[in-house]
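Single-structure report; data block below.
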Amino acid sequence: MEPAEVEFLAEKELVTIVPNFSLDRIHLIGGDLGPFNPGLPVEVPVWLAINLKQRQKCRLIPPEWMDVGKLEEIRDQERKKDTFTPMPSPYYMELTKLLLNYASDNIPRADEIRTLVKDTWDTRMAKLRLSADSFVRQQEAHAKLDNLTLMEINTTGTFLTQALDHMYKLRTNLQPGESSHSQDF
């Protein structure tokens, strides 16, 4: 899966907006949205929130977890533990990128939030590299990686599967007597 595909999935997550227009309920394949009334919060998918924000039709309310205090706690907890801690959203990195790119004026302390999410991401990637290194060195057959997000799996998945495939080929070629056929003329 490509990062753009993961971002596409993240755009289906719901966020709250405060519209500045009126519109009855709209019926879409993915479900009904609205009604939209000026000044009344309503939940919509991220893709619609971004579209409306770009057209200056709403104000975006950041997700509850997109707060400097909460993100500092998450970052600190991630640094302290050896295992992966649960993230506030399965798409925390993608949502942060999208919302800060298109609605940073609606998100208090946006630069600090960007830094905290990046710090958390970097910590998790370092843990993932260490886990993969340990996994390969110990020649394990399986691994349990709880609390990883789809983007984190996607980031290292290709590399790890290719590395394991190469290791398998090397191990099978080194096995004595299995496929060492000589050609007799």
Side-chain angles (χ1 to χ4, degrees), residues 1-81 83-125 127-128 145-158:
M1 184 176 283
E2 296 293 318
E5 293 171 302
V6 178
E7 189 174 295
F8 174 78
L9 295 173
E11 289 177 353
K12 295 179 183 180
E13 291 288 297
L14 297 178
V15 292
T16 303
I17 63 165
V18 178
N20 58 15
F21 64 95
S22 293
L23 184 66
D24 289 335
R25 183 174 293 275
I26 54 176
H27 308 283
L28 302 174
I29 291 173
D32 296 347
L33 300 173
F36 299 90
N37 295 304
L40 295 178
V42 62
E43 282 194 339
V44 298
V46 171
W47 64 265
L48 180 58
I50 290 171
N51 182 284
L52 292 172
K53 177 68 179 157
Q54 287 176 320
R55 296 184 307 152
Q56 300 177 355
K57 296 288 184 185
C58 74
R59 180 173 53 86
L60 193 131
I61 297 174
E64 189 177 304
W65 57 265
M66 200 174 278
D67 170 74
V68 171
K70 290 180 182 177
L71 289 171
E72 283 174 341
E73 283 178 35
I74 291 168
R75 181 204 55 200
D76 294 343
Q77 187 178 19
E78 193 66 48
R79 286 179 175 172
K80 287 176 189 172
K81 291 190 174 183
T83 58
F84 294 96
T85 57
M87 287 291 97
S89 165
Y91 301 105
Y92 77 98
M93 189 66 172
E94 301 86 343
L95 290 176
T96 300
K97 177 184 164 219
L98 288 167
L99 297 180
L100 292 180
N101 283 349
Y102 294 102
S104 61
D105 58 326
N106 293 155
I107 300 171
R109 300 168 72 180
D111 289 335
E112 291 175 70
I113 288 172
R114 189 182 316 268
T115 301
L116 287 166
V117 169
K118 180 75 169 94
D119 288 349
T120 303
W121 172 268
D122 290 343
T123 301
R124 291 173 69 84
M125 287 295 104
K127 277 186 190 180
L128 194 51
L145 296 172
D146 291 334
N147 300 319
L148 286 180
T149 65
L150 189 54
M151 186 63 86
E152 292 164 346
I153 293 168
N154 186 45
T155 301
T156 58
T158 306

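- In terms of heavy atoms, Leu99 sits closest to Pro63 at CD1-CD, 3.7 Å.
- Here Ile107 contributes atom CD1 and Leu100 contributes atom CG; the two are 4.5 Å apart, rounded to the nearest 0.5 Å.
- Contact annotation: the side chain of Met93 never approaches that of Thr149 to less than 4.5 Å [non-hydrogen atoms, C-beta and beyond].
- In this structure, Asp67 contributes its side chain and Lys70 its backbone to a donor-acceptor pair below 3.5 Å.
- Checking side-chain atoms of Arg59 against main-chain N and O of Asn20 turns up no donor-acceptor pair under 3.5 Å.
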Working for side chain to side chain contact (heavy atoms under 4.5 Å, CB included), residues Glu78 and Asp119: CA-CA 10 Å; Glu78 193 66 48; Asp119 288 349; over 6 Å; no
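- For the pair Pro19/Val44, no side-chain contact is recorded, criterion being any heavy-atom separation below 4.5 Å from C-beta on.
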Derivation of the side chain to side chain contact (heavy atoms under 4.5 Å, CB included) call for Asn51 and Lys57: CA-CA 9 Å; Asn51 182 284; Lys57 296 288 184 185; over 6 Å; no
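- Taking 4.0 Å as the cut-off between side-chain N and carboxylate O, Asp76 and Lys80 do not count as a salt-bridged pair.
- Within 6.0 Å of atom CG in Asp146, more than 12 heavy atoms from other residues, nucleotides or ligands are found, so the atom counts as buried in its surroundings.
- Residues Leu71 and Thr120 fail the side-chain proximity criterion, which asks for heavy atoms closer than 4.5 Å.
- Between Ser22 and Pro38, the closest heavy-atom pair is OG-CD, 3.2 Å.
- The closest side-chain heavy-atom distance from Lys81 to Gln77 is below 4.5 Å.
- Remark: side-chain polar atoms of Lys127 are paired, donor with acceptor, to backbone N or O of Thr83 under 3.5 angstrom.
- Lys53 places no side-chain N or O within donor-acceptor distance of the main-chain N or O of Ile17, the cut-off being under 3.5 Å.
- For the pair Ile113 and Val68, the minimum side-chain heavy-atom distance is below 4.5 Å.
- None of Arg114, Glu7, Lys118 except one satisfies the side-chain contact (heavy atoms from CB on, under 4.5 Å) rule with Lys97; the exception is Glu7.
- Side-chain contact check for Tyr92 versus Glu152: some heavy-atom pair is nearer than 4.5 Å.
- Once rounded to the nearest 0.5 Å, the distance linking CD of Glu13 with CD of Glu94 reads 9.5 Å.
- Remark: Met151 CE to Leu9 CG distance equals 9.5 Å, nearest 0.5 Å.
- In plain terms, the two heavy atoms of Ala49 and Leu60 that are nearest each other are CB-CD1, 3.8 Å.
- Interatomic distance, CG of Leu95 versus CH2 of Trp65, reported as 5.5 Å (0.5 Å rounding).
- Remark: Phe21 pairs with Phe36 by the ring-ring contact (aromatic ring centres under 6.0 Å, His included) rule, at least two apart or across chains.
- How far OG1 of Thr156 is from CG of Leu128: 4.0 Å, rounded to the nearest 0.5 Å.
- Contact detail for Leu23 and Ile26: the closest heavy-atom pair is CD2-CG2, 3.7 Å.
- If you take CE on Met66 and OG1 on Thr96, they are separated by 4.0 Å, rounding to the nearest 0.5 Å.
- Between Ala10 and Val46 the shortest heavy-atom distance is O-CG2, 4.1 Å.
- No side-chain donor-acceptor contact under 3.5 Å links Asn154 to the backbone of Leu150.
- Screening residues 40-59 for ring pair (Phe, Tyr, Trp, His ring centres under 6.0 Å) gives no qualifying pairs among residues at least two apart or on separate chains.
- The neighbour count for Tyr102 OH, taken as heavy atoms of other residues, nucleotides or ligands under 6.0 Å away, does not exceed 12.
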